[in-house]
Amino acid sequence: MAQSIPAKSERAELISRDPATGEQIGRAPLTMPEEVARAVGRAREAQPKWAAQSMADRGRVIMKARRIILSELEDIALLISRETGKPISEAIAMELTPTLDLMQYFARKSESLLSSRRIGIGQYALMGRSSYEIYKPLGVVGIISPWNFPWATPLDEVVMALMAGNAVVLKPSELTPLTGLKIKDVFDRAGVDTGVFQVVTGDGSTGAALVASGVDKLMFTGSVGTGKRVAEAAAKYLTPVVLELGGKDPMVVLDDANIQNAARGAVWGAFANSGQACASVERCYVHESIADQFVKEVVTETKRLHQSVGTDKTADIGSMTNEHQVRVVERHIDEALDKGATALTGGRRVPASDGAFFEPTVLINVNHDMEVMREETFGPVLPIMTFKTDDQAVRMANDSSYGLTASVWSGSIARGRRIAERIDAGTVMVNEVLYTHGIAQTPWGGLKQSGLGRTHGRAGLLEMVSTRHIHVNRFGFIPDLWWFSYTPEAGQLFRGLARRFASGSVFQTLLVLPQMLRRWFER
Ligand code: NAD
C-alpha cells in the first residue's frame with residue numbers, strides 16, 4: 001500500500017510522495033521553530049520597503065509572477081497532480097485558472113478597493129466634523145494551508161497580503177511542500193524580495209511555531225480541530241486569525257429542477273478532487289417526486305467516470321491525497337452500511353491498486369444519525385436523502401454544525417433564491433455547486449464551525465489591512481458642547497440633545513439650536 005504521508009527523515013526533512021504510486025517526488029526541509037522565528041524577523045525587516053512601493057508597482061510584480069506561472073503552466077499542473085493525485089486537467093481548471101484570474105484582479109483593483117472611504121457621520125457633520133477610513137498594511141501575515149488545493153489556497157492569500165503591503169510567511173501542508181516551494185520560486189523570480197515572501201516547509205510543529213512567532217495576522221485553512229487549536233494558541237498573543245475550516249455542504253434539489261443537470265452538478269460537486277474540497281457536495285436532498293429519476297441519473301453519470309492516475313489525460317478522478325483521509329471515508333461508509341444505508345455504486349478502495357484510490361460512491365437509505373450525513377467525509381462519497389416540502393429541505397440543510405457553502409436547484413430562479421436565503425452558509429448557490437472559491441471578487445468563508453472571517457473579494461482584502469478611522473473637526477477654535485464644565489444649564493442642554501439631536505432628525509436638532517449656540521459662545 002502506498003503511503004502518502006511524508007515521513008520525517010533523520011535529516012529533519014519531509015519526503016513528498018505521489019499518493020497514486022507511492023513514488024518519492026522530492027524532499028523539503030522540516031523547518032525548526034527557531035528558523036520560523038528568524039524568518040518572521042527577516043519578514044518584519046523587509047516589509048517597510050515593500051509597503052513603501054506604490055500599489056501600481058506591487059501590482060506589476062504580481063503580474064510578472066502571473067506571466068511566469070502561465071509560461072510554466074504544464075509543469076506546475078504536473079507537480080500539483082503528482083503531489084495530490086488529482087488529474088492534471090483538474091489542477092489547471094480548479095487551481096491554476098482561478099488563481100491567474102485572481103492575480104490580475106487584485107493586481108489591478110487593490111488600489112481602488114483600498115482607497116480611503118468617507119464615512120457619513122449624520123448630524124455631527126453639522127458641527128464641522130468629518131470622518132474617513134484609511135487602510136494600512138498589517139506587517140507580517142502568516143499563512144498556514146492544507147493539501148487539497150495546495151496551489152490556489154495559499155497563493156490567493158499570498159497575493160492579497162502582498163498587494164496590501166504586507167510581508168508573508170507561508171507554511172504549506174506537509175503533504176504538499178514542493179508545491180509551496182514552487183510558489184516561492186515564482187515570486188522570487190518575479191522580483192519579490194526574499195525577505196518579503198518566505199516559505200517554511202514543515203508539519204504541525206512548524207505551523208505551531210508560526211502561530212507563536214508574533215505575526216500580525218494568521219490566515220489558517222484546514223480542519224476544524226486544528227483551527228480551534230490555532231485560535232487558542234493565537235489568543236495567547238492576541239494575534240487575529242481568519243479560519244477557513246471544513247464543511248458538510250448540502251445540495252437541495254427541488255421538484256422543478258432540471259434533473260439531468262442537477263445530477264451532473266451533484267456528481268461533479270461530490271467527486272471533483274476526489275471529494276477533497278471544503279465545498280464539496282457532502283450531502284444531497286432531493287424532492288421525493290423526482291428522487292428515482294435523479295438517483296438513476298447520478299448513478300449513470302458516476303459509473304461513466306474514468307478513475308486513473310492524474311497524469312492520464314482522460315482521468316476524471318485521480319487518487320485521494322491522504323491515507324488518513326481514506327480511512328475516514330472507509331469509517332463513514334462502513335458505519336452507514338451497518339446502519340442500513342445502500343451503496344448503489346462504489347463503496348470501497350479501488351481493488352488491485354497500490355495508491356490511495358477510492359471508488360466514487362453513491363449512498364441511499366441514509367439519515368442524520370449517520371456520520372456520513374453529519375461529519376466532514378472529505379472523500380468521493382455522495383449520500384442522498386429525500387424530502388417532501390421546501391420547509392423540510394431547509395430544516396435538513398440547516399441541521400448541521402457546519403455552514404460553508406450550500407446549493408439549491410430549481411427551475412424557478414425566484415424560488416431558488418427564496419430557499420437559498422434561508423440556508424445558513426457563507427455562500428449559497430442557485431443551480432451551481434462548489435466553484436465559487438474560484439471567483440476572486442466574491443467573499444469566501446463559513447458560518448458556524450466552518451470558520452471565522454473572509455478571504456477573497458473586498459472583505460478578504462480588508463482582512464489583510466488595519467483599518468484606521470481619521471476624524472477631523474474643522475471648528476477647532478471652539479470647545480465641544482459636552483466638554484467641562486457640567487453646569488445646570490449644560491445638564492438641560494444634554495437632556496435636549498438626548499431627546500432631539502440623538503433622534504437623527506435635523507428638524508428636531510434645530511429645536512435645541514439656541515441652547516447649543518448659547519453654550520458654545522458663553523465659554
Ligand atoms: P489540517 O488541519 O490537518 O492541517 C492544515 C494545516 O495546519 C497544515 O499545514 C498543518 O501542517 C497545519 N497544522 C497542523 N497542526 C498545527 C498546529 N498545531 N498549529 C499550526 N498549524 C498546524 O487540515 P488538512 O488535512 O491539511 O486539510 C483538510 C481540511 O482543510 C478539511 O477539513 C477541509 O475542509 C479544510 N479546508 C477548508 C477550506 C476553506 O476554505 N474553508 C479550504 C481547503 C480546505
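Just so you know, ligand 1 is whichever comes first in the structure, and atom 1 is the first atom listed for that ligand.
For residues 396-410, every residue pair satisfying the salt bridge (charged side-chain N to carboxylate O under 4.0 Å, His left out) rule, not counting sequence neighbours, is listed here: R374-D399. Sequence neighbours left out, the pairs with a member in residues 428-447 that pass ring pair (Phe, Tyr, Trp, His ring centres under 6.0 Å) are H437-W444, H437-H456.
Here E157 does not pair with K171 in a salt bridge; the nearest charged N to carboxylate O distance is not below 4.0 Å. Under 4.0 Å is where a charged nitrogen must lie from a carboxylate oxygen, and between D185 and K182 at least one such pair does.
Here H332 pairs with nothing under the ring-ring contact (aromatic ring centres under 6.0 Å, His included) rule; sequence neighbours left out.
For H368 and F387, the ring centers are positioned 6.0 Å apart or more.
Contact residues for ligand 1 (protein heavy atom closer than 4.0 angstrom to any ligand atom): I144, S145, P146, W147, N148, K171, P172, S173, E174, D203, G204, G207, A208, V211, F220, T221, G222, S223, T226, V230, E244, L245, G246, C278, E376, F378, L404, W444.
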